[in-house]
Amino acid sequence: MKIIVKLVSLFAIVSFVACKETSKKQADKNTLEQTEELGYQIPNSWIEKRVTAASKRLNATEAGKVLWSAMDAHGGLKKWYSNGYLSFRFNYQPLNGKGIRDSYQTIDTWNNKARHNSITDKSNFFGWDGKESWVKAKDSTSFEYDTKFWALTPIYFSGQPFVFDGKGVNLELLPQVTFNGKTENVVKVTYDGGVGSAPDDYYIMYINAETNLVDAFKYIVSYPEYFPEGGHAPEKITVTQGTTTVDGIVFAKGFKTYWSNEEEENGLGEYITKIDVSDISFSDEVEENYFSKPEGAKILK
């Protein structure tokens, strides 16, 4: 009889725990559904969890510690996610006059979604909804560049160092260098296979050893649509041109991009692109279905 009572009691305990866990999962599901309905209203508990996980992961390695210090210097990862949707104008101007890309964009930093509006004609826009790329434009001349590739590209300039907080990102601490007379900590960023649309891309960040701000970064473009047989474009180096602070986050006001050339001073080869970043702001909400394909838009394969 005692054994039966103990078994019944044990079953009751297990059932209680299971019910409690099911209730928790259902509560989390309900919270997620409410979050999706309300827009960016990400619960603080979710942000805390993500930031805590990133801090633990990054501070477990020397390279990660340098990156985490850069995030703190730029305003902090918690502030980055708590601020809401990020909007800015990104004017990419190759000095040869070809491939100019000028748009005003809004980014869902939490879910990596984007929507760009043309500066010259606001009825032309394109975006990435987290699964598909889309474009709505009057004709093929409205955006004379690959909008699928470009949808999230600017945030990998203006969103450094925060864009490297996720899983699937690999960090390597390289020897310090002197750049423009300043000592720089150097962190190389690579990706696991299958992460993003160009997993063979890499970034080499120059993080000022005194201020912990990102002074410059090297990078390559390995986008498979451009290089279907593998390989990548020559390495470039992009240099921050002044900073501004918006809602507690430090942003570059612009960049200058050069071909990377180690034989030249500071590794700066030919100056090839000027980038202006302006109209930076954060917002708690956007219109319903703002990042989704609008009526009449074309899905890009």
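In this chain, numbering begins with 1 at the start of the sequence shown.
You'll find the ring centres of Y104 and F88 outside the 6.0 Å limit. Aromatic pair W128/F291: centroids not less than 6.0 angstrom apart. Not less than 6.0 angstrom separates the ring centroid of H116 from the ring centroid of F125.
Not counting sequence neighbours, T240 has no partner by the side-chain hydrogen bond (donor to acceptor under 3.5 Å, both in side chains) test. In terms of the ring-ring contact (aromatic ring centres under 6.0 Å, His included) criterion, residue partners of Y206 (sequence neighbours excluded) are, by chain and number, F179. Scored by the side chain to side chain contact (heavy atoms under 4.5 Å, CB included) test, I272 finds K236, T257, W259, E270 as partners (sequence neighbours excluded). Evaluation of the side-chain hydrogen bond (donor to acceptor under 3.5 Å, both in side chains) rule for K138 yields D121 as partners, not counting sequence neighbours. Applying the side chain to side chain contact (heavy atoms under 4.5 Å, CB included) test to K182 and every residue at least two apart in sequence or in another chain returns E184, N208, D215. For Y156, there are no ring-ring contact (aromatic ring centres under 6.0 Å, His included) partners at least two apart in sequence or on another chain. Scanning for side chain to side chain contact (heavy atoms under 4.5 Å, CB included) contacts around E265 gives an empty result, with sequence neighbours left out. For L173, the side chain to side chain contact (heavy atoms under 4.5 Å, CB included) test picks out E62, A63, V66, V187, with sequence neighbours left out.
Within the structure, no pair that satisfies the salt bridge (charged side-chain N to carboxylate O under 4.0 Å, His left out) test touches residues 242-255, not counting sequence neighbours. Pairs engaging residues 75-87 under the salt bridge (charged side-chain N to carboxylate O under 4.0 Å, His left out) rule: E48-K78 [sequence neighbours left out]. Residue pairs meeting the salt bridge (charged side-chain N to carboxylate O under 4.0 Å, His left out) criterion with at least one member in residues 82-99, sequence neighbours excluded, are R89-D102.
Here K148 contributes atom NZ and I299 contributes atom CD1; the two are 10.5 Å apart, rounded to the nearest 0.5 Å. Considering CZ of R101 and OG1 of T273, their distance stands at 9.5 Å, rounded to 0.5 Å. For the atom pair CD1 of I42 and OG1 of T109, the computed distance is 8.5 Å after rounding to the nearest 0.5 Å. The distance from the NZ atom of K293 to the OG atom of S133 is 13.0 Å, given to the nearest 0.5 Å. Atom-to-atom distance recorded for S69:OG and N59:CG is 7.5 Å, nearest 0.5 angstrom. Note that the CZ atom of F164 and the CG atom of L67 stand 8.0 Å from one another [nearest 0.5 Å].
Looking at heavy atoms from C-beta onward, V286 lies in side-chain contact with T106 at the 4.5 angstrom threshold. At a threshold of 4.5 Å between non-hydrogen side-chain atoms, the residues N91 and I275 do not count as touching. Side chains of Y92 and W150 form a contact here, defined as non-hydrogen atoms less than 4.5 Å apart. Taking 4.5 Å as the limit, every side-chain heavy atom of N289 sits out of range of all side-chain heavy atoms of D129. At a threshold of 4.5 Å between non-hydrogen side-chain atoms, the residues F90 and T153 do not count as touching. Counting heavy atoms from C-beta outward, T238 and F157 have side chains that approach closer than 4.5 Å. Side-chain contact between R57 and K167: present, with at least one pair of heavy atoms (C-beta onward) separated by less than 4.5 Å. No side-chain heavy atom of T190 sits under 4.5 Å from any side-chain heavy atom of E172.
Residues N117 and N124 bring no donor and acceptor atom of their side chains to less than 3.5 Å of each other. For Q160 and Y203, the side-chain atoms include no donor-acceptor pair closer than 3.5 Å. Side chains of D165 and Y81: a donor-acceptor N/O pair is present below 3.5 angstrom, by distance only. Side-chain contact of D139 with T141: a donor-acceptor pair under 3.5 Å is present, judged by distance alone.
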E235 and Y202: CA distance, side-chain angles, deciding distance, side chain to side chain donor-acceptor pair (under 3.5 Å) verdict: CA-CA 10 Å; E235 186 180 79; Y202 68 72; 2.6 Å; yes
Residues V186, I204; criterion side-chain contact (heavy atoms from CB on, under 4.5 Å); working and verdict: CA-CA 7 Å; V186 183; I204 299 176; 3.4 Å; yes
Audit row: L268, N261, side-chain contact (heavy atoms from CB on, under 4.5 Å) steps and yes/no: CA-CA 6 Å; L268 302 177; N261 187 341; over 6 Å; no
Verdict with reasoning, Y219 to D201, per side-chain contact (heavy atoms from CB on, under 4.5 Å): CA-CA 7 Å; Y219 71 99; D201 282 1; over 6 Å; no
side-chain contact (heavy atoms from CB on, under 4.5 Å) evaluation trace for L86 with I155: CA-CA 9 Å; L86 170 64; I155 193 62; 3.6 Å; yes
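Looking only at distances, no side-chain donor or acceptor of E285 sits under 3.5 Å from a matching main-chain atom of S283. Formation of a donor-acceptor pair under 3.5 Å by the E262 side chain with backbone atoms of S260 is not found in this model. Between the side chain of T61 and the main chain of G64, a donor-acceptor pair closer than 3.5 Å is present. Between the side chain of D108 and the backbone N or O of N111, at least one donor-acceptor pair lies under 3.5 Å. Judged by distance alone, with hydrogens and angles left aside, the side-chain atoms of S103 form no donor-acceptor pair with the main-chain N or O of Q105 at under 3.5 Å.
When hydrophobic clusters are built by joining Ile, Leu, Val, Met, Phe, Trp and Tyr residues whose side-chain heavy atoms come closer than 4.5 Å, directly or via intermediates, I107 is grouped together with W46. Under a hydrophobic-cluster definition in which Ile, Leu, Val, Met, Phe, Trp and Tyr are linked whenever side-chain heavy atoms come within less than 4.5 Å, directly or via other members, I119 and V277 are assigned to different clusters. Using a 4.5 Å cut-off between side-chain heavy atoms of Ile, Leu, Val, Met, Phe, Trp and Tyr, with links allowed through other members, L171 and L213 fall into different hydrophobic clusters. Linking ILVMFWY side-chain heavy atoms closer than 4.5 Å, directly or via other members, places W68 and V250 in two distinct hydrophobic clusters.
Annotation for N266 and T178: closest pair OD1-O, 4.0 Å, computed over non-hydrogen atoms. For Q176 against A209, the heavy-atom pair with the smallest separation is NE2-CB, 4.2 Å. Contact detail for A151 and A114: the closest heavy-atom pair is O-CB, 3.4 Å.
With a 6.0 Å radius and a threshold of 12 heavy atoms from other residues, nucleotides or ligands, N44 has its CG atom at or below the threshold.
Ring-plane geometry between W80 and F162 is classed as parallel, the angle between the planes falling under 30 degrees on a 0 to 90 degree scale with a further cut at 60. Ring geometry for F143 versus Y145: interplanar angle over 60°, hence perpendicular rather than tilted (30 to 60°).
Annotation: cation-pi geometry not satisfied between R115 and W134 (NZ/CZ under 6.0 angstrom from ring centroid, within 45° of ring axis). Annotation: cation-pi pair K256/Y271 present, NZ/CZ under 6.0 Å from the ring centroid and within 45° of its normal.
With side-chain heavy atoms closer than 4.5 Å counting as contact, directly or through intermediates, I100 stands alone and belongs to no larger hydrophobic cluster.
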